[in-house]
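Okay, structure first, notes after.
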Amino acid sequence: MTSPALLPLNRLRTLFAGLAVALLLAALSPQPADAHAIRDETPRIAVVSAFAPELAILQGELEGAAAQSVNGVAFTTGTLEGHDAVLFLSGISVVNAAMTVQLALDHFAIERIVFSGIAGGVDPGLDIGDVVIADRWGQYLEMLFAREADGGWMTMPFFEYPYANFGMMFPRSVTVLRPGAAQPETRFWFPADEALLAAARSAADGAALARCTADEKCLEEAPKIIVGGSGVSGGAFVDNAAFRAWAFETFGARVLDMESAAVAHVAYANDVPFIAVRSLADLAGGGEGANQMEVFLGLAAGNAASVVKALLRALPD
């Protein structure tokens with residue numbers, strides 16, 4: 001092979017020009033898809049949980065289970081209560097939940113999203129073990145942290161503040177784009193799907209809820225299922241009685257968690273029906289003594305899973 005140093009100058013210029021054009025075309029050409037990317041065309045219900053103990057209960061009920069991975073997220077397909085489903089972990093907190101659910105929507109033909117997991121109780125009329133299926137979800141930590149001025153708080157005029165503040169913290173609405181929208185929409189609440197809520201109401205009488213843990217720690221009252229009302233989510237683990245009271249009084253919230261509103265937001269943006277089934281593992285700072293989440297996590301996760309299975313049984317094939 002002739003060394004470039006021995007080629008005439010005009011031939012070197014032609015060679016380098018050709019290489020430059022080839023590199024430019026390569027940069028502009030579509031790149032091959034990730035070998036691990038999948039596109040499953042089977043219409044499925046996405047059943048999502050925030051962390052492993054919640055998901056393991058439902059995975060144990062899955063028939064014909066097959067595991068796949070996208071971007072390190074494990075997806076398990078199969079049949080759950082007669083429906084084609086894909087089960088996966090959202091990860092804990094709002095960013096993880098939004099990211100993984102959008103990833104699932106991009107790689108699977110998801111027709112409905114059902115979130116199953118534990119949460120903190122906000123409504124004083126509810127107790128640990130109860131299951132709440134809210135009909136709307138909002139993100140309470142979308143906020144302005146206001147500066148103090150003249151004994152009060154100075155807010156910014158370009159945000160919308162639909163709810164009362166908690167000290168310097170002023171909740172605000174968010175904007176979202178969805179199919180067919182000419183411009184972003186500003187809203188605080190993201191709705192649960194009416195058909196899924198109807199199935200949840202039908203399922204409420206047929207779901208058996210546990211009252212005692214595996215090591216015989218029992219609740220004072222038998223748990224109940226509540227369909228309707230508001231739920232709120234944010235990237236904070238809440239264990240504060242004053243904040244809990246504010247969330248109830250301000251939003252009418254029955255339940256508070258770290259993922260559901262983010263999933264509801266993504267579902268709304270993609271025009272995919274959504275519902276969340278949340279069982280109370282603690283009272284977000286409202287109970288006497290230390291937080292009891294670790295004591296009743298298994299019981300609450302099991303109760304949420306039982307209601308999810310009953311809900312799926314109530315859905316048409």
Side-chain angles (χ1 to χ4, degrees), residues 50 90-99 101-102 113 115 117-126 132-178 181 183-193 197 226 228-270 274-276 278 280 282-286 291:
S90 69
I92 296 173
S93 202
V94 289
V95 174
N96 280 328
M99 177 178 66
V101 170
Q102 186 62 59
I113 300 170
F115 207 110
I118 65 170
V122 178
D123 185 336
L126 302 180
V132 176
I133 306 172
D135 55 26
R136 63 178 188 172
W137 287 87
Q139 300 175 66
Y140 72 92
L141 276 183
E142 288 287 342
M143 287 185 167
L144 165 74
F145 281 18
R147 69 169 64 191
E148 196 168 2
D150 299 324
W153 305 104
M154 182 181 296
T155 59
M156 310 303 292
F158 43 79
F159 290 136
E160 176 185 296
Y161 307 102
Y163 291 102
N165 58 304
F166 183 76
M168 70 173 185
M169 304 162 66
F170 286 76
R172 62 184 187 87
S173 300
V174 297
T175 57
V176 59
L177 273 170
R178 67 192 315 231
Q183 58 187 14
E185 173 188 3
T186 300
R187 62 187 303 123
F188 186 86
W189 296 107
F190 292 91
D193 177 69
L197 285 168
I226 306 296
S230 302
V232 291
S233 305
F237 187 99
V238 177
D239 193 32
N240 181 275
F243 194 89
R244 176 185 190 258
W246 171 79
F248 177 69
E249 293 164 4
T250 303
F251 307 114
R254 285 179 156 170
V255 62
L256 182 153
D257 69 23
M258 299 175 70
E259 298 86 21
S260 295
V263 178
H265 186 147
V266 172
Y268 184 83
N270 286 273
F274 158 86
I275 197 168
R278 289 293 198 168
L280 309 187
D282 70 285
L283 298 179
N291 187 286

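FYI, the numbering just counts along the sequence from 1.
Contact between M154 and A149 at its shortest, heavy atoms only, is CE-CB, 3.8 Å. Of all the heavy atoms in S173 and E160, the pair that sits closest is OG-OE2, 2.8 Å. Scanning all heavy atoms of the two residues, the minimum distance from A276 to S260 falls at CB-OG, 3.6 Å. The nearest pair of heavy atoms linking G167 to F170 is O-CE1, 3.8 Å. Considering every non-hydrogen atom in both P171 and F251, the closest pair reads CG-CZ, 3.9 Å. When all heavy atoms are compared, the tightest approach of A236 to L141 is CB-CD1, 3.7 Å.
Between the side chain of N165 and the backbone N or O of M168, no donor-acceptor pair lies under 3.5 Å. No side-chain donor-acceptor contact under 3.5 Å links R136 to the backbone of G228. W153 contributes no side-chain N or O that, together with a main-chain N or O of F145, makes up a donor-acceptor pair within less than 3.5 Å. Remark: side-chain polar atoms of D150 are not paired, donor with acceptor, to backbone N or O of G152 under 3.5 angstrom. Checked by atom type and distance alone, the side chain of R278 never pairs as donor or acceptor with a backbone atom of F115 at under 3.5 Å. With hydrogens and angles ignored, the 3.5 Å screen pairs no side-chain donor or acceptor of R187 with any backbone N or O of V176. Not one N or O on the side chain of S230 forms a donor-acceptor pair closer than 3.5 Å with the backbone of A253.
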Decide side-chain contact (heavy atoms from CB on, under 4.5 Å) for I133 and I275; before the verdict, give the C-alpha distance in whole Å, the side-chain angles of both, and the deciding distance to 0.1 Å.
CA-CA 7 Å; I133 306 172; I275 197 168; 3.5 Å; yes

Could you please spell out the steps behind the side chain to side chain donor-acceptor pair (under 3.5 Å) verdict for Q102 and N270?
CA-CA 9 Å; Q102 186 62 59; N270 286 273; 2.9 Å; yes

Before you tell me yes or no, could you show the steps for V101 and I113 under side-chain contact (heavy atoms from CB on, under 4.5 Å), namely the whole-Å CA-CA distance, both residues' side-chain angles and the distance that decides it to 0.1 Å?
CA-CA 9 Å; V101 170; I113 300 170; 3.9 Å; yes

Determine whether D282 and N291 satisfy the following criterion, side-chain contact (heavy atoms from CB on, under 4.5 Å), listing intermediate values before the conclusion.
CA-CA 6 Å; D282 70 285; N291 187 286; 3.2 Å; yes

Does the pair I92 and M258 meet the rule for a side-chain contact (heavy atoms from CB on, under 4.5 Å), with working shown?
CA-CA 7 Å; I92 296 173; M258 299 175 70; 4.1 Å; yes

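Atom CG of D135 sits about 6.0 Å away from atom CG of L197, to the nearest 0.5 Å. Taken from CZ in F274 to CG in D193, the straight-line distance is 10.5 Å, to the nearest 0.5 Å. Atom OH of Y163 and atom CE of M143 lie 12.5 Å apart (nearest 0.5 Å).
Two residues are said to be in side-chain contact when any heavy atoms from C-beta on lie closer than 4.5 Å; E259 and V94 fail this criterion. You'll find the side chain of L280 stays beyond 4.5 Å of the side chain of I118, heavy atoms only. For the pair V232/L256, a side-chain contact is recorded, criterion being any heavy-atom separation below 4.5 Å from C-beta on. At a threshold of 4.5 Å between non-hydrogen side-chain atoms, the residues V132 and R254 count as touching.
The aromatic rings of F243 and W246 sit tilted, their planes meeting at an angle between 30° and 60°.
For F237, the ring-ring contact (aromatic ring centres under 6.0 Å, His included) test picks out no residue, with sequence neighbours left out. Here F190 pairs with H265, Y268 under the ring-ring contact (aromatic ring centres under 6.0 Å, His included) rule; sequence neighbours left out.
The cationic atom of R172 (NZ for Lys, CZ for Arg) does not lie both less than 6.0 Å from the six-membered ring centre of Y161 and within 45° of the ring axis.
Separation of the F166 and Y140 ring centroids does not fall under the 6.0 Å cut-off.
With hydrogens and angles left out, the side-chain atoms of N96 and S93 include no donor and acceptor closer than 3.5 Å.
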